[in-house]
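Notes for the one structure printed next.
These values consider heavy atoms only, across backbone and side chains, with no hydrogens, waters or symmetry-generated copies. Letters A, B, ... mirror the listed sequences (proteins, then strands); counts begin at 1.
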Protein chains: 4
Amino acid sequence: MAGATGVGAPSTSKGDRTRRRLLDAAAAEVARVGAAGASLSGIAAAAGLKTGSIYFHFASKDELIATMLEEGLRESLRLLDEALAAVADLDAGARLRAGVRAHLRALHELGDYAAVVLAQGAAEVPAAAAFPRLRRAHVGRWTELVADAQAAGVLAGGLDPRDARDLLFGAMNSALGRPGWSPEGTASALCRMLRLDG
Amino acid sequence: MAGATGVGAPSTSKGDRTRRRLLDAAAAEVARVGAAGASLSGIAAAAGLKTGSIYFHFASKDELIATMLEEGLRESLRLLDEALAAVADLDAGARLRAGVRAHLRALHELGDYAAVVLAQGAAEVPAAAAFPRLRRAHVGRWTELVADAQAAGVLAGGLDPRDARDLLFGAMNSALGRPGWSPEGTASALCRMLRLDG
Amino acid sequence: MAGATGVGAPSTSKGDRTRRRLLDAAAAEVARVGAAGASLSGIAAAAGLKTGSIYFHFASKDELIATMLEEGLRESLRLLDEALAAVADLDAGARLRAGVRAHLRALHELGDYAAVVLAQGAAEVPAAAAFPRLRRAHVGRWTELVADAQAAGVLAGGLDPRDARDLLFGAMNSALGRPGWSPEGTASALCRMLRLDG
Amino acid sequence: MAGATGVGAPSTSKGDRTRRRLLDAAAAEVARVGAAGASLSGIAAAAGLKTGSIYFHFASKDELIATMLEEGLRESLRLLDEALAAVADLDAGARLRAGVRAHLRALHELGDYAAVVLAQGAAEVPAAAAFPRLRRAHVGRWTELVADAQAAGVLAGGLDPRDARDLLFGAMNSALGRPGWSPEGTASALCRMLRLDG
DNA sequence: CATGAATGAGTGTTCATTCAT
DNA sequence: CATGAATGAACACTCATTCAT
């Protein structure tokens, strides 16, 4: 929610830095008014450029927004995987809790990128921006986490893990709507509601 | 998600019927591309009118969309209250389960109206469209339901009921994203995950 | 300038009265925002009608405005002739002074009609509204008055009476721009400037 | 009245030249049909542009027209001051005659700009376009000229100099309505009528 | 007589996009 | 790399006009 620094690694060239400013500005603008409502002139102004200059970095509005979405999703997946790797040896309940904490931390850190990728999904977004591979990977990770937790009995069984996963996802992403939320607080509240406490 | 039946009672005059067609078309369009992305020409075409004719029925795009949102929210509140009235004498857990079922049924019946009111909220919508009374009433109903369930011990205590309410809301509204979902199935899945089973 | 009752004789039928209300409203609206800026819906509303109803009384916006202009010009000519008839026997200076007083009184009485006909002229007005006969008659009367005064030596000679007439006209019509002006005061001021005092 | 040469000094950049073409076209269009009746598409076409391109140079129709009016008024004031400076040492009658000649020359040179600023005033023009400083300066200059002439006895006394000034103004501006008028001819005619002859 | 409802051409304005500089 | 300038298609909205009721 807060003004994020963005997503990328430290870039070297001036062109790369401008590109990053544009992606950040696009994320903020899209989070504020949606993909359809965001204007290239607004994004350019927020990045300290004139409108036409965007086209040196991106071929079209769609490409700019798709790139921004993809980077947000990729980073969000990276943070999740990092967190899960650290708890690979623990039991299913602990891994699920770690996933929840990681997702909420990602939501918080990624700022506008997360707001866009996770809250709005790809609804208003151009078809080209589906990048299904990343999306499948992300979703798959969560389906696995949930199914393992069900198998271990720490999460209610008897229901399709994909349904359970979506409900969990909806609950987590609702945090983006609240001002001043903290990842840790929301994670512990959610785990308590699901009786997931260690 | 599917083409909505709409919201209103059978109207008599020709003008009323056109107005309803416009509201239905607006709901569908906004659900598809967001308020900013929806175009009056698209809405008019879907309602079988020419663009300019909209202005005989609504003073502006904002008024059209705000009216649609308000009717959706009002109807959704009505359905919730109706369901709660029928279980007023039961215990807090049963009332919460009834609320969940009612909300999901409303989501399903209201079609595009709900997709808009509940998923996007009034985020992108003009300030005039906040209709805060309805929104407060709706939110208040849910805070009460959740707080009662916490007090009765059927829902995890120790956390702000408003946080719990938002998590619950997020989980329920996530159903709109899935194709072919059923209100009853989702309700039972959610209740099971929360260990709310009567 | 002030809200005028209009121009016409007492009418009998209800249709005639509606017609008059429309002409009055048109005069006011055109005086306020110009012929191009005046809208039929505004005029209709000011006359207590719905827009479409205008077409029962006038075939088009142009016809409505042209009729209003013509009535204003005709009445203004009538008032001038009336005043001149009363001083037909006096000398040229007295007749010119009477004309000035009559014109300024007409400007004052005719209200919005005069504002339109005399100030804006037929500049913005449709070609059909030129009604050249009336205009020629009006202009002709003034050329004569001025030429007679020049011949009699009470108005500076040595210049084309049509030029003198236009300068005089411009001076008189400038009164419409001043708030709270009186016909008598302006007439005496103008006569004094021209050294026309009896 | 005829196609105006415009107002500005020779500009260098391409944008400045386009801007000037737009202002000239706007002056012509507004002189022809009034501010409300003038259309941006007409103005753009007359300037050899497409409608939307206007917005690169002016933020709105109002700004375009207001700018045009202001430049016209400013230039007209400049021409007046220039002429008055050249006769600062002469008597009040000579100064008034110089003012009349200067005003009529300005009317003639400024073409459509003058037609608009002086004939229509800022009546139909948005509030933002009043530029009251310029207007006050222009009006003040004339009040002074007239009052001095009255005090010196060369113009009839016994009447409010502001009234005399407005009558004078109306007479001078009436020249705009006549085809083929010359500033010198009109000035001498007016001065003769007012017995101002040096 | 008058209205309710609709139309189509027009308005001012925005915006993604292009391209010479 | 970036800008200044322009375009054309879209947009929300207005308005004169029509016509069944």
Send over the distance from [X] [atom1] to [N] [atom2], rounded to a whole Å.
X	N	atom1	atom2	result
D:Lys50	F:dA10	NZ	P	16 Å
D:Glu29	E:dT11	CD	C1'	13 Å
C:Arg21	E:dC1	CZ	P	12 Å
D:Phe58	F:dA5	CZ	P	12 Å
C:Arg17	E:dC1	CZ	C1'	13 Å
A:Ile65	E:dC15	CD1	C1'	13 Å
B:Lys14	F:dC19	NZ	P	14 Å
A:Asp16	F:dC1	CG	C1'	13 Å

Distance check: side-chain N/O of [X] vs OP1/OP2 of [N], anything under 4.0 Å?
X	N	result
C:His57	E:dA2	yes
B:Ser41	F:dC11	yes
C:Lys61	F:dA16	yes
A:Thr18	F:dC1	no

- line: When rounded to the nearest 0.5 Å, the distance separating CG of C:Leu73 from CE of C:Met68 is 12.0 Å

[X] near the nucleic acid: base, sugar-phosphate alone, or nothing, with a heavy-atom cut-off under 4.0 Å?
X	answer
D:Ala38	sugar-phosphate
B:Ser60	sugar-phosphate
D:Gly15	sugar-phosphate
B:Ile54	nothing
B:Thr51	nothing
A:Ser53	base

statement: The answer to which of A:Leu49 and B:Tyr55 contacts DNA chain F further toward the 5' end, by nearest nucleotide, is A:Leu49

message: Which residue is it: D:Ile65, D:Leu40, D:Ile43? I am looking for the one with a side chain to side chain contact (heavy atoms under 4.5 Å, CB included) to D:Glu29.
response: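 Testing D:Glu29 for a side chain to side chain contact (heavy atoms under 4.5 Å, CB included) against D:Ile65, D:Leu40, D:Ile43 leaves exactly one candidate, D:Ile43.
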
message: Need the pair for E:dC1. Rule: Watson-Crick or G-U wobble, both distances under 3.5 Å, any strand; none if unpaired.
response: none

message: Partner lookup for E:dT17, please. Criteria are Watson-Crick or G-U wobble with both distances under 3.5 angstrom; report none if nothing qualifies.
response: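 Partner of E:dT17: F:dA6.
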
- prompt: Using 4.0 Å as the upper bound for N to carboxylate O, is an ion pair formed by D:Arg74 and D:Glu71?
  reply: no

- line: Note: D:Ala31 and D:Asp112 closest approach over all heavy atoms is CB-OD1, 3.8 Å

query: Can you name the nearest heavy-atom pair linking B:Ala36 to A:Gly37, along with the distance?
result: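 Scanning both residues, the minimum pair turns out to be CB-CA, 3.6 Å.
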
- prompt: Looking only at atom types and distance, does a side-chain atom of C:Lys61 sit under 3.5 Å from a main-chain N or O of C:Ala35, one as donor and one as acceptor?
  reply: yes

task: Ignoring the backbone of A:Ser39, work out which of E:dT13, F:dA12, E:dA16 is nearest its side chain.
output: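 Of E:dT13, F:dA12, E:dA16, E:dA16 is nearest to the side chain of A:Ser39.
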
task: Please figure out whether A:Ala59 or B:Phe56 has its closest DNA chain E nucleotide nearer the 5' end.
output: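 The answer here is B:Phe56.
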
